[in-house]
Number of protein chains: 2
Amino acid sequence: MPSGSEHIVRSFDIELQELNQIIVRMGGMAESMLATAIDALVKRDSDLAKKVIESDKEVDVLEKAADEAAVNLIALRQPMANDLREVVAALKIASDIERIGDLAKNVAKRTIALNQTPPTRPAYAIPRMANLVQSIMKDTLDAYVERDSERAVDVWHRDEEVDEMYTGLFRELLTYMMEDPRNITPSTHLLFIAKNIERMGDHATNIAENIYYLDTGEQLDGRRPKGDTSSFQVVTPDNEATDIAEKDPQENGE
Amino acid sequence: MPSGSEHIVRSFDIELQELNQIIVRMGGMAESMLATAIDALVKRDSDLAKKVIESDKEVDVLEKAADEAAVNLIALRQPMANDLREVVAALKIASDIERIGDLAKNVAKRTIALNQTPPTRPAYAIPRMANLVQSIMKDTLDAYVERDSERAVDVWHRDEEVDEMYTGLFRELLTYMMEDPRNITPSTHLLFIAKNIERMGDHATNIAENIYYLDTGEQLDGRRPKGDTSSFQVVTPDNEATDIAEKDPQENGE
């Protein structure tokens, strides 16, 4: 027969499992919101984009549920040390996923705006970048479920590739704008869409840092090479793109 | 002589006070980072902008300190109900302030990029918008210190004005781009600077929502009229700006 203390421990584990399930569900929803938003962008389908905007509410509801579950877990089970760290990490991860959902919603809103302008030269790099971010999100969730710090490190490094794609897109879109003023409005929306996707990658790396900390007790941040140097980009109308990045372009996304 | 339980309660209060002091210090730093970044922008002073980029590290260090203080407080004092709510809110507020610091850093980075391009028509609305956001941040911190939910509601509503200024700026900057392709690179950086400032306002409203919840136990979100309709803006080269905002342009910032 289990002792009282074992009983408490088991309740904690079950409730933590429930909290984790909420988070995994949130993550799956945010991932599918991004996929649908990009689908809507490529097909110029405003109805589909509206569905993404609607789904964001469900993610918000789940975040509140996760917050409540975490606070109840702390209050009722009074976890110590590692257990407490788990719950606090869950709170942070839920907040990052909520932001990813918001960003997917913003992609959908910009898609609706884009559909009001004539089709322009498509920026093929956007769906490519979105695919990469989606696969990063998927691996991040898997790493969370399995408490796999190696996979978390892998995710963390892959965000660099997202940043590089974004920097390339930034130059490309500015060049389109310079070619024809009619491209300015659509390209600006595409620029913000690309920025939103790039920031989803940043939130995934935040989550990866939390997973790493949970699994190893050590911090992962501050050592990542950053590939998004677009804040420092100067593109001139004669198509000369200059990268004036400083020596230390560390940033946490924008 | 205080009983054991009173003694614990008093330790909790003192430690919570210490945690709050870290948060207020973080907030003051983020506020002054924004002020300095805008100063650097107006004066085209890259050295000043670099100082802002440097200070962000201090904000990050303070956030880690706040996180640690909160986790220790929960582990050692095992607070219940309202006290636990206080600590969880502090965690969330610290994370919002850290994001505000990041955004100020991004403004500074874009300022350095802008200084590599010839001076263009200044967007006077940016310092105006930054002033408003700074005053909102100040009032938010005051509301936090005083647990003043009325002031939090006031802050929450004032963010609408920020969103409206941003939407105006979005149109203005797109018009500049259409006038002369040489304006495209600087105007794009200004657009991102404006977006960064607008998002600082969003983080301040997140904090206001937390304060309101702390003070009243009720949620404030979901009822705010949103003024940033720029995601839905279509600006055409003949200067006709059309607002195609849907009926429900609720968003959480971008």
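Remember, predicted model here, so these are calculated numbers, not experimental data. Order of the sequence lines fixes the chain letters, A, B, ..., with proteins taken first and strands second; residue numbering starts at 1 for each chain.
Using a 4.5 Å cut-off between heavy atoms, Val88(A) contacts chain B through its side chain alone, with no backbone atom that close. Heavy atoms of Leu91(A) lying under 4.5 Å from chain B belong exclusively to its side chain. Looking at Met80(A), only its side chain comes within 4.5 Å of chain B, counting heavy atoms on both sides. In this structure, chain B has a heavy atom under 4.5 Å from the side chain of Asp67(A), while its backbone stays farther away.
The structure places OG1 of Thr185(B) at 7.0 Å from CZ of Phe170(A), a figure rounded to the nearest 0.5 Å. To the nearest 0.5 angstrom, Gln78(B) atom CD is 9.0 Å from Leu84(A) atom CG. Between atom CG of residue Leu191(B) and atom OG1 of residue Thr188(A) there is a gap of 6.0 Å, rounded to the nearest 0.5 Å. Between the CD1 atom of Ile184(B) and the OG1 atom of Thr175(A) there is a distance of 9.0 Å, given to the nearest 0.5 Å.
The greatest number of non-hydrogen atom pairs below 4.5 Å with chain B, out of Ala75(A), Ser95(A), Pro79(A), Ala70(A), is found for Ala75(A).
Shown here are the side chain to side chain donor-acceptor pair (under 3.5 Å) partners of Asp215(A), two or more places apart in sequence or in another chain: Ser149(A). Among residues two or more places apart in sequence or in another chain, the side chain to side chain donor-acceptor pair (under 3.5 Å) test is passed with Asn210(B) by none.
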